[in-house]
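From a predicted model like this one, the values you see are computed outputs, not experimental measurements.
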Amino acid sequence: MVPADTGAGAKPPDVERPAVYSSYNGAPTSADAGGGRGGGGGGGGVVDSVVARWRREDLLDKSSLALHTAAAVFSFVALVLVASNQHGHWMDFDRYQEYRYLLAIAALAFAYSLAQALRHAYRMRRGADPVSAASGRLLGFTGDQVVAYLLVSALSAATPITNRMRSAVINSFTDTTAAAISMVFFAFVTLALSAMVSGYKLSKETSVLPSKLQEIAVMMRIACSEHLEKLL
């Protein structure tokens, strides 16, 4: 009598589980996760570059807000100083066209800078620009340059006459005009820096420019980026 095959009814031996095993089907183990991190070095580099780009753009947005706010403050102080500089006779600002022009440009710079600062604050808070992104960048770049140029022209007009007055007499009238000119100069500096930031942003959005200006935009972006790297 042939004995029955004992292997037919015997319980098969347990298959040895791997040393690294997860009870969750498809869940990566610690070893797999470590290997994934080691093998995904290229992906980590891409993520790091994207995060660095986001941080750079956030820094540029905050810089635009801070520069326009500073320009609005400087322009407002200059506006108040010139408008209140009235002491009778020859010591009234409205007797001089240079100071009237300085007052008008300070008012224009204050209104423009305040509007741009509110626009940046709204966009950073709500995540949406009141105007289209392309138009906003173009408006910011053009407006910064135009207002900065007007501030320089106002400085050029008011500085010579103020120097002549201070060479003859120094009093509250000449001191106030000198202080107003200083505030206008600071407003010009902040708007000039803002124009650099706006130019860098605009150069990255070449789609808003005509085709003939593409090369100019690229050159402008390179120049602005070099200056921003030195500043930031």
request  = Give the intermediate values and the outcome of side-chain hydrogen bond (donor to acceptor under 3.5 Å, both in side chains) for residues Gln116 and Arg119.
outcome  = CA-CA 5 Å; Gln116 288 285 28; Arg119 170 178 161 257; 3.0 Å; yes

message = Quick test of your reading: applying side chain to side chain donor-acceptor pair (under 3.5 Å), list the pairs with at least one residue in residues 148-157, sequence neighbours left out, ordered by first then second residue.
response =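 For residues 148-157: Tyr101-Ser153.
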
Any salt bridge (charged side-chain N to carboxylate O under 4.0 Å, His left out) involving [range]? Give me the pairs, sequence neighbours left out, ordered by first then second residue.
{"range": "residues 72-83", "result": "none"}
{"range": "residues 80-89", "result": "none"}
{"range": "residues 173-196", "result": "Arg166-Asp175"}

Considering all heavy atoms, the nearest [X]-[Y] contact:
{"X": "Asp94", "Y": "Arg100", "result": "O-NH1, 2.5 Å"}
{"X": "Ser194", "Y": "His68", "result": "OG-CE1, 3.0 Å"}
{"X": "Thr162", "Y": "Thr174", "result": "CG2-O, 4.4 Å"}
{"X": "Leu65", "Y": "Ala117", "result": "CD1-O, 3.3 Å"}

key: OG1-CG distance between Thr177 and Asn85, expressed to the nearest 0.5 angstrom   = 6.0 Å

Check side-chain hydrogen bond (donor to acceptor under 3.5 Å, both in side chains) between [X] and all other residues, then give those that pass, not counting sequence neighbours.
{"X": "Thr176", "result": "none"}
{"X": "Ser198", "result": "Asp144"}
{"X": "Arg95", "result": "none"}
{"X": "Asn163", "result": "none"}

inquiry  = Under 4.5 Å between side-chain heavy atoms, counting indirect links through other Ile/Leu/Val/Met/Phe/Trp/Tyr residues: same cluster for Leu81 and Ile170 or not?
reply    = no

task = Classify the ring geometry between Phe173 and Tyr96 as parallel (under 30°), tilted (30 to 60°) or perpendicular (over 60°).
result =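 Geometry flag for Tyr96 against Phe173: tilted rings.
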
For [X], which residues count as a side chain to side chain contact (heavy atoms under 4.5 Å, CB included) partner, sequence neighbours excluded?
{"X": "Phe76", "value": "Val80, Phe110"}
{"X": "Leu103", "value": "Leu79, Val82, Ala83, Phe93"}
{"X": "Leu151", "value": "Ile105, Ala109, Val147, Val184, Ala187, Phe188, Leu191"}

inquiry  = Going by the rule ring pair (Phe, Tyr, Trp, His ring centres under 6.0 Å), which residues pair with Phe74 if we only count those two or more places apart in sequence or in a different chain?
reply    =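 Ring pair (Phe, Tyr, Trp, His ring centres under 6.0 Å) check on Phe74 returns Phe186.
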
Crowding at CZ, Phe185 (>12 non-hydrogen neighbours, <6.0 Å) = no

inquiry  = Is there a side chain to side chain contact (heavy atoms under 4.5 Å, CB included) between Leu114 and Leu118? Walk through the geometry before answering.
reply    = CA-CA 6 Å; Leu114 180 61; Leu118 292 176; 4.2 Å; yes

